[in-house]
Amino acid sequence: MLDIKLIREKPDFVRQRLATRGAGDESLIDGILQADEQRRKALAEVETLKATRNRVSKEIGALMGQKKIAEAEAKKAETKDLGDKIAALDQQAKAAETKRDELMLRLPNLPHESVALGKSAEDNPEIRVFGSKPEFAFKPKSHVDLCESLKLIDFARAAKLSGSGFLLYTNWGARLERALIQFLLELHTRENGYTEVSPPFMVNPECLMGVGQFPKFKDQYYGVAEGDKADELGKLYLIPTAETPIANIHRDELLSEKQLPIYYCGYTPCFRGEAGAAGVGTRGMIRVHQFDKVELIKIVKPEDGYAEHEKMLANAERVLQLLGLHYRVVMLCTGDMGFASAKTYDIEVWAPGQGSYLEVSSVSNCEDFQARRMNLRFKSESGENRFPHILNGSGTALARLFVALVETHQQADGSVKIPEPLQKFLGTDVIRA
RNA sequence: GGAAGGGUGGCUGAGUGGUUAAAGGCAUCUGACUCGAAAUCAGAAGUAGGGGCAACUCUACCGUGGGUUCGAAUCCCACCCCUUCCGCCA
């Protein structure tokens, strides 16, 4: 959520920054300003009436104390009708506030000034490249073929169990998935200083609201119900990313400055409806309804936000470097950024069998946008309450990492070599048919 | 699912209709003492939203939402959450 004071004081600046996203959100500003104006007007009026009522009520109390019953009764008659006026105005103020906040919750974050202007993914500038596309003396296979020949994934039976867009990892496939999770968590906790957490996989709607996934993208997530009780639907949702529970850990808290920075990492499965998205329904692991991910979350002082952002990006890149994978880092342009983000880098890993780059990590600084939504603050040394920056980054998404790994390290004989840092977690240096 | 108890400020914990923003304690800040610190003593200090150039001032907030009343942390109703016990259960 943006700061209403910023919208009030610099509406043109806010409109201009929103316009760079190209989604037309700046058109909401007028309605927000109008509702805000109505709210303040009603508030000024009703608060004057309340002040009167409070004063008279105190006088009545004093008179009662002195047993001057008649005088007290006279005062009561005086304020009798104030209540109705107050109730009516209260309702007006509340209605205006509700309208203002509904609109505010639909506004995305303002892009940071360092973000490249652009309309779509084609305008995303490439920041750097690590390694180079591997050369093969044979035609590299797709992960789909490798997974079938090595029996890593049973696509057909996964569909039998849950429909398209789900994966059944088998034998070395399941063990590789588990080894990757272990490898990632060990890397981030031991080398990069993150504290591991293992959060619930279902959360209440407030959490989704807090990170900005609700209300705008409500149709993209899985709601659950207990048993067959239809009215339970909507009390809990399957998490689309570990960001949702982890970033909300300190929701509605007032932290002390000494507690910052906070670094969390955690493994969870991620559930995505992917309604209308291309790729679901075809075989493969690129776009699925459920995938594993190790997520990084930071809660930091605003002045440290962007330095921490770069460090988090480096933490995610380290994963691919250790696994010997070629990748590139791109900065998402203003038109391609996520709703809550002020600045995002994507890491795209090369998948030789696909002949394309796959997004395996998205590292964002949401600044204080999420902190405002979830009312997470910290008390600074000087005593003022401030909103921290909240950052999130995939460290990394697993299904696509799995794809890049088997496609990159496949051998002419159809086997897959396991990079050295992963061997101790998997217990082998090669997977053969 | 059943029963009982409970939700008060950064934390803890009093408070059953009228100067209660709310005692006490902890933590925090300022001053005194000290070479400095600790301890001790004195004092300050909630959060949010309005109005005002400002000094300042008003309003709201005791789990949430309603209700009763001139006036509600306090009384009534509904709901949510937590704890313990029972039932079921990995």
Side-chain angles (χ1 to χ4, degrees), chain A residues 1-9 32-102 104 198 200-207 209-210 225-229 231-237 245 248-260 262 299 301 368 371-388:
Chain A
M1 186 144 67
L2 302 179
D3 185 357
I4 182 65
K5 285 182 187 148
L6 180 68
I7 298 175
R8 220 183 263 156
E9 285 159 20
I32 290 172
L33 287 172
Q34 199 187 357
D36 183 54
E37 182 63 36
Q38 285 168 354
R39 170 177 172 272
R40 284 191 292 162
K41 194 164 166 256
L43 223 46
E45 228 176 305
V46 75
E47 286 183 357
T48 310
L49 293 181
K50 282 181 179 173
T52 305
R53 183 178 68 182
N54 288 346
R55 182 172 46 75
V56 175
S57 288
K58 270 187 186 170
E59 289 168 7
I60 292 171
L63 289 169
M64 299 287 265
Q66 297 163 37
K67 303 280 186 232
K68 297 179 180 171
I69 309 298
E71 287 178 53
E73 288 300 328
K75 290 255 185 209
K76 279 192 195 181
E78 207 178 294
T79 52
K80 189 83 180 164
D81 60 330
L82 263 185
D84 292 340
K85 284 187 194 165
I86 288 173
L89 280 168
D90 257 342
Q91 214 161 14
Q92 271 182 40
K94 181 76 187 160
E97 181 174 313
T98 303
K99 188 179 169 196
R100 180 192 74 178
D101 291 346
E102 267 171 14
M104 295 263 290
S198 179
F201 300 164
M202 294 190 277
V203 293
N204 59 33
E206 285 78 10
C207 289
M209 188 69 80
E226 188 183 343
D228 58 358
K229 289 178 262 180
D231 60 332
E232 294 275 314
L233 192 63
K235 290 177 93 168
L236 289 173
Y237 291 82
N248 274 288
I249 287 174
H250 297 289
R251 173 148 59 94
D252 276 318
E253 289 185 23
L254 180 59
L255 304 171
S256 73
E257 184 167 341
K258 290 192 197 81
Q259 289 175 265
L260 304 182
I262 292 172
I299 301 171
K301 290 188 265 184
D368 60 6
R372 280 180 195 283
R373 287 180 161 241
M374 61 177 79
N375 192 31
L376 163 59
R377 297 161 302 164
F378 71 97
K379 193 173 277 293
S380 71
E381 301 284 358
S382 58
E384 59 181 327
N385 295 333
R386 306 176 64 197
F387 292 105

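From a predicted model like this one, the values you see are computed outputs, not experimental measurements.
In this structure, A:R251 atom CZ and B:C81 atom P are separated by 13 Å, rounded to whole Å. Taking atom CG of residue A:L254 and atom P of nucleotide B:U28, one finds them 15 Å apart after rounding to whole Å. The distance from atom CG of A:L255 to atom C1' of B:U28 is 16 Å, rounded to the nearest whole Å. Going from atom CG of A:D36 over to atom P of B:G49 covers 12 Å, rounded to whole Å. Across the protein-nucleic acid pair, A:E45 atom CD and B:G50 atom P stand 17 Å apart, rounded to whole Å. Between the CD atom of A:E59 and the C1' atom of B:U19 there is a distance of 13 Å, rounded to whole Å. Atom CD in A:E384 sits roughly 16 Å away from atom C1' in B:G10 (whole-Å rounding). Distance CD (A:E97) to P (B:G49): 10 Å, rounded to an integer number of Å.
The shortest heavy-atom contact between A:P388 and A:A371 is O-CB, 3.5 Å. Contact between A:V203 and A:P245 at its shortest, heavy atoms only, is CG1-CB, 3.9 Å. Closest non-hydrogen pair, A:I86 versus A:V46, comes out as O-CG2, 3.7 Å. When all heavy atoms of A:L33 and A:R8 are compared, the closest pair comes out as CD2-CA, 3.9 Å. Looking at every heavy atom in both residues, A:A93 comes nearest to A:R39 through O-CG, 4.1 Å.
Taking the C1' atoms as reference points, B:U83 lies 25 Å from B:G24, given to the whole Å. Separating the C1' atom of B:A42 from that of B:A54 is a span of 31 Å, rounded to the nearest Å. Comparing the P positions of B:G67 and B:C61 gives an interatomic distance of 13 Å, to the nearest angstrom. Across B:G9 and B:A45, the matching C1' atoms stand 12 Å from one another, rounded to whole Å. Separating the P atom of B:U20 from that of B:C76 is a span of 24 Å, rounded to the nearest Å. With C1' as the reference atom, B:A78 and B:A22 are 27 Å apart, rounded to whole Å. Annotation: B:U74 and B:A21 have their P atoms spaced 14 Å apart (nearest Å). B:U28 and B:C85: their C1' atoms are spaced 41 Å apart (whole Å).
One finds a salt bridge joining A:E73 and A:K76 here, because a Lys/Arg side-chain nitrogen approaches an Asp/Glu carboxylate oxygen to under 4.0 Å. A salt bridge does not link A:R386 with A:D368: none of the charged nitrogens is closer than 4.0 Å to a carboxylate oxygen. Taking a cutoff of 4.0 Å between a charged side-chain nitrogen and a carboxylate oxygen, A:R55 and A:E59 qualify as a salt bridge.
Under the Watson-Crick and G-U wobble criteria, each requiring two contacts below 3.5 Å, nucleotide B:A21 is left unpaired. B:C85 is paired with B:G2 under the criterion used here, namely a Watson-Crick or G-U wobble arrangement in which both key atom distances are under 3.5 Å. In this structure, B:U74 makes no Watson-Crick or G-U wobble pair, since no nucleotide meets both defining distances under 3.5 angstrom. If you check B:G43 for Watson-Crick or wobble pairing at under 3.5 angstrom, you find it paired to B:C29. Base pairing analysis places B:C79 opposite B:G63; the two distances defining the Watson-Crick or G-U wobble pair are each below 3.5 Å. Applying the Watson-Crick and G-U wobble criteria (two distances, each under 3.5 Å), B:C53 pairs with nothing in any strand.
Between A:K235 and A:R40, the residue anchored nearer the 5' end of RNA chain B, judged by the nucleotide with its closest heavy atom, is A:R40.
Put simply, A:R8 has a side-chain N or O that comes within less than 4.0 Å of OP1 or OP2 on B:G50. Taking 4.0 angstrom as the limit, A:N204 places none of its side-chain polar atoms (N or O) nearer than this to OP1 or OP2 of B:C81. Regarding contacts with the backbone of B:G46, every side-chain N or O of A:K379 stays at 4.0 angstrom or more from both OP1 and OP2.
Looking at A:Q259 and A:E253, their side chains never come closer than 4.5 Å, going by heavy atoms from C-beta outward.
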- Under 4.0 Å protein heavy-atom contacts per nucleotide of nucleotides 58-77 of chain B, with B for base, S for backbone only and - for none: BBS---------BS------
